[in-house]
Amino acid sequence: MIHWNDLTTLASFDKLKAVGRVDLKQAMAGAEGAARVAKYAVPMAAGLTYNYAAKAVDDDVLSALCDLAKEAELTAKYEALYSGEVINTGEKRRVLHQLTRGQLGADVMADGVNKRAFYVSQQEKAADFARKVHAGEIANADGEKFTTVVQIGIGGSDLGPRAMYLALENWARQNDTLKMEARFISNVDPDDAAGVLKTIDLKRSLFVLVSKSGTTLETLTNESFVKDALRNAGLDPAKHMVAVTSETSPLAKSSDYLAAFFMDDYIGGRYSSTSCVGGAVLSLAFGPEVFARFLAGAAEEDRLATEPDPMKNAAMLDALIGVYERNVLGYPSTAVLPYSQALSRFPAHLQQLDMESNGKSVNRFGAPVGYPTGPVIFGEPGTNGQHSFYQLLHQGTDIVPLQFVGFRANQAGMDVVIQGSTSQQKLCANVAAQIMAFACGKNDEDPNKSFAGGRPSSIITGDRLTPEALGALLAHFENKVMFQGFLWNVNSFDQEGVQLGKVLAKRVLAHETDGALKAYSKLLEI
């Protein structure tokens, strides 16, 4: 029997708080620092490595974290999740996004359906559709091939798939697997849709509408915007649109779409990139074979996350160190800093993944928690961020834990030697320098030029950002967020905080307002 307890009720957490603090500046200096870099590393899937040498931990802290993982029953809770138990207590639902990778656990039966088989069937359906589009068997009214795919969705229907597309776009160009260019429309601001529509050939564009319920206001508004543009161009919208939705939504069997691919309520939007939410657009953009490689990387990382020993489980250890930083060291935020332009939107995806999942103030049973939960997540790719907000990270009053990501080689296969080094070498030199600058700082007689150091970081490294590596990276962070939710005893799989604003917006649109809401609604009236 699994026990769901608040973090502060665990004896191992009290012991963790009593462990001596690590002087990171001293630990990372000289030969000891070099030894830590070699010692404090955990292999991940797809050839990636999680290195936490520059975190403020030592063997004593790590031992206490292992005890915490055991008492919190993290491995058993993960197994319960992928085995189909009702983990989403707020909505009384299973949590099955791992099954979209088709690997873990026994078959899960829900609603009279084998869910593994269901998800696989939808992926196969999307793959078959993509192949027919690429072959020209599904084409526009003039028999011309579609050359652009546009995803219409918001939240998890946009952030994850957009980040994954951008992450692989250059790789696909270099490897001759870019079948169609992808664009994304998410914001209900009409400038978003108009901006995309002005840059594409409508006649040769295919639109993927993503809405699980079929009622998402922003998405349906943007769909109408796109349909108007198609009609105005003399095109039949039904010949240019497909839907990703649930089988019970009004979109499911509509004649307004060339095809419909299904998902269900057991996959939350922010966890949906490996379902047809990401699968349809990514298979159309890169080909189903590339999407399958992406799934394989995620599946391998999911399997590694079942390891009960945190010292061999990168996602679990990352989660434990994050909880230590949040609840013992008192750090309120985390910066995600990929030294890869391909991952330019990955921090935005992780903002939703982490903050929507663990931004909770009540536990799984609705009782207030008496400790901080999810941190504020932000980030930008390096080296751009170094010329933006790193000033605060280096010399600000708050210590912000850092999560770097870096690769030894670029995707495009293009580079240039300037001043004795390539662009990629300069990029890698910068991330190495930043890790040490944050950890060790610098003493200077001029206080403005003095750096306190002691700023903790981890880094995930790999040879190159491939589909497998991207899948592994995605699953790592999904599983990290899951394990942290287990430790904080919150439900990481609902998002009630998203709903209240939607309800009030509908009241404004219906002119059913009073008081300050009415006054605010008038501020932007034309």
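Note that the numbering runs from 1 along the sequence shown for the chain. Source: prediction; values computed, not measured.
In this structure the side chain of Tyr165 never reaches within 4.5 angstrom of the side chain of Val149, judged on heavy atoms. Residues Tyr324 and Leu329 are in side-chain contact: their nearest non-hydrogen atoms beyond the backbone lie under 4.5 Å apart. Using a 4.5 Å heavy-atom cutoff, the side chains of Asn88 and Asn491 are in contact. Looking at Leu393 and Arg455, their side chains never come closer than 4.5 Å, going by heavy atoms from C-beta outward. For the pair Ser458 and Ile321, the minimum side-chain heavy-atom distance is 4.5 Å or more. The closest side-chain heavy-atom distance from Leu62 to Leu317 is below 4.5 Å. Within the 4.5 Å cutoff, no side-chain heavy atoms of Lys55 are placed close to those of Ser457. Side-chain atoms of Ile185 and Phe225, non-hydrogen and from C-beta on, never get closer than 4.5 Å to each other.
Note: Phe493 and Tyr271 meet the aromatic proximity criterion, with ring centroids under 6.0 Å apart. In this structure, Phe378 has its ring center under 6.0 Å from that of Phe389. Separation of the Phe291 and Phe286 ring centroids does not fall under the 6.0 Å cut-off.
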Inset, instruction - Would you please test Asp59 and Tyr40 for side-chain hydrogen bond (donor to acceptor under 3.5 Å, both in side chains) and show each step? - result: CA-CA 10 Å; Asp59 290 351; Tyr40 286 167; 2.9 Å; yes

Legend entry - Criterion side chain to side chain contact (heavy atoms under 4.5 Å, CB included) on Leu159 and Arg270, from CA distance to verdict: CA-CA 8 Å; Leu159 287 165; Arg270 57 195 177 276; over 6 Å; no

Inset, instruction - Determine, step by step, whether Ile200 and Arg183 satisfy the side chain to side chain contact (heavy atoms under 4.5 Å, CB included) criterion, reporting the C-alpha distance in whole Å, the side-chain angles of both residues, the deciding distance to 0.1 Å, and the verdict. - result: CA-CA 9 Å; Ile200 62 175; Arg183 298 290 184 269; 4.0 Å; yes

Inset, instruction - May I have the step-by-step check of side-chain hydrogen bond (donor to acceptor under 3.5 Å, both in side chains) for Thr373 and Asn358, ending in yes or no? - result: CA-CA 6 Å; Thr373 57; Asn358 290 337; over 6 Å; no

Inset, instruction - Quick one: do Leu350 and Phe346 satisfy side chain to side chain contact (heavy atoms under 4.5 Å, CB included)? Show the steps, please. - result: CA-CA 6 Å; Leu350 294 188; Phe346 198 68; 3.5 Å; yes

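Using the six-membered ring where Trp is involved, Tyr50 and Tyr52 have ring planes that are parallel, under 30° apart on the 30 and 60° scheme. Ring orientation note: the planes of His394 and Phe438 are close to parallel, at an angle under 30° on the 30°/60° scale.
Of the N and O atoms on the side chains of Asp318 and Gln403, at least one donor lies less than 3.5 Å from an acceptor on the other residue. A donor-acceptor pair shorter than 3.5 Å cannot be found between the side chains of Asn363 and Trp4.
For His349, there are no ring pair (Phe, Tyr, Trp, His ring centres under 6.0 Å) partners two or more places apart in sequence or in a different chain.
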